[in-house]
Student: 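Sharing a structure with you now.
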Amino acid sequence: DVLTAGTSIRETLELLKHTQANVIGVIVGLDRQEKGKGELLAKEEIEKEFNIPVHAIATMKDLRNLN
């Protein structure tokens with residue numbers, strides 16, 4: 001998945017609260033490094049709100065540095 005504002009991750013984590021799943025982190029294919037709802041990056045908001053790490057296989061910075 002692509003991390004933009006974090007909406008789909010939030011929705012998924014909210015759904016998983018009602019199960020016996022133990023979420024220990026999130027991995028996304030690409031972190032677009034965009035702001036979330038406030039001043040923090042979406043990644044930082046998710047980590048703070050749900051107290052879990054968010055890791056990306058690649059970021060927009062990584063892609064820009066390929067040139």
Student: Is it the case that more than 12 heavy atoms not belonging to I27 sit under 6.0 Å from its CD1 atom?
Tutor: no
Student: Salt bridge or not for K48 and E44, using N-O below 4.0 Å?
Tutor: no
Student: Short question: side chain of Q33, backbone of L41 - any donor-acceptor pair under 3.5 Å?
Tutor: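 No; judged by distance alone, with no hydrogens or angles, the pair does not exist.
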Student: Quick one: pull up NZ in K43 and OG1 in T59 and give me the separation to the nearest 0.5 Å.
Tutor: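 Going from the NZ atom of K43 to the OG1 atom of T59 covers 10.5 Å.
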Student: For the CD atom on E39, are there more than 12 heavy atoms of other groups (residues, nucleotides or ligands in this structure) within a distance under 6.0 Å?
Tutor: no
Student: With heavy-atom distances below 4.5 Å as the criterion, would you say the side chains of V28 and I9 are in contact?
Tutor: yes
Student: Does the side chain of K17 reach to within under 4.5 Å of the side chain of L15, using non-hydrogen atoms?
Tutor: no
Student: Show, in sequence, the C-alpha distance, side-chain angles and deciding distance for V26 and H55, and conclude whether the side-chain contact (heavy atoms from CB on, under 4.5 Å) test is met.
Tutor: CA-CA 6 Å; V26 174; H55 299 284; over 6 Å; no
Student: Could you state the interatomic distance from CG (N51) to CD1 (I24), rounded to the nearest 0.5 Å?
Tutor: 13.0 Å
Student: Are any side-chain N or O atoms of E34 and backbone N or O atoms of A5, one a donor and one an acceptor, separated by less than 3.5 Å?
Tutor: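 Not a single qualifying donor-acceptor pair exists.
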Student: State the CG-CZ distance between L66 and R64, to the nearest 0.5 angstrom.
Tutor: 11.0 Å
Student: Give the cluster check for I46 versus V23: same hydrophobic cluster or not, with ILVMFWY residues linked at side-chain heavy-atom distances below 4.5 Å.
Tutor: yes
Student: Are the side chains of D31 and I57 in touch, meaning some heavy atoms are under 4.5 Å apart?
Tutor: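 No, side chains not in contact.
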Student: Taking the side chain from D62 and the backbone from A58, do they hold a donor-acceptor pair closer than 3.5 Å?
Tutor: no
Student: Is the shortest distance from a Lys or Arg side-chain nitrogen in R10 or E45 to a carboxylate oxygen in the other one below 4.0 Å?
Tutor: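 Salt bridge between R10 and E45, a charged N being under 4.0 Å from a carboxylate O: yes.
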